[in-house]
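Computed from a predicted structure; not experimentally measured. The first residue in the sequence is number 1, and the count goes up from there.
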Amino acid sequence: MLGDNIKNLRKQKGFTQEELAIRLHVVRQTVSKWEKGLSVPDAEMW
């Protein structure tokens with residue numbers, strides 16, 4: 001569910017995974033894992 005929200009919001013803003021990753025200071029693979037539900041963002045990140 002969180003992964004779906006991240007993906008939907010990213011697409012609404014017109015960002016690629018790479019662009020979102022750059023803005024969040026993570027690698028693209030991290031964004032991919034979030035969207036697939038394989039991991040979640042670190043709470044300390046926000």
Visitor: Is any side-chain N of the basic residue among E19 and K13 closer than 4.0 Å to the acidic one's carboxylate O?
Guide: no

Visitor: Backbone N or O of Q17 within a donor-acceptor pair of the R28 side chain at under 3.5 Å?
Guide: no

Visitor: Hey, what do you get for NZ (K7) to OG (S32), rounding to the nearest 0.5 Å?
Guide: 9.0 Å

Visitor: Please check if L9 and V40 belong to a single hydrophobic cluster, counting links between Ile, Leu, Val, Met, Phe, Trp and Tyr side chain heavy atoms closer than 4.5 Å.
Guide: no

Visitor: CD of E35 to CG of L2: how many Å apart, nearest 0.5 Å?
Guide: 10.0 Å

Visitor: For I6 versus W34, what's the shortest heavy-atom pair and its separation?
Guide: CD1-CB, 3.8 Å

Visitor: Do L38 and V27 sit in the same hydrophobic cluster, where Ile, Leu, Val, Met, Phe, Trp and Tyr count as joined when their side-chain heavy atoms come under 4.5 Å apart?
Guide: no

Visitor: Once you round to the nearest 0.5 Å, how far does CZ of R23 lie from CZ of R10?
Guide: 13.0 Å

Visitor: When clusters are formed by joining ILVMFWY residues with side-chain heavy atoms under 4.5 Å apart, either directly or through shared neighbours, do F15 and I22 land in the same one?
Guide: no

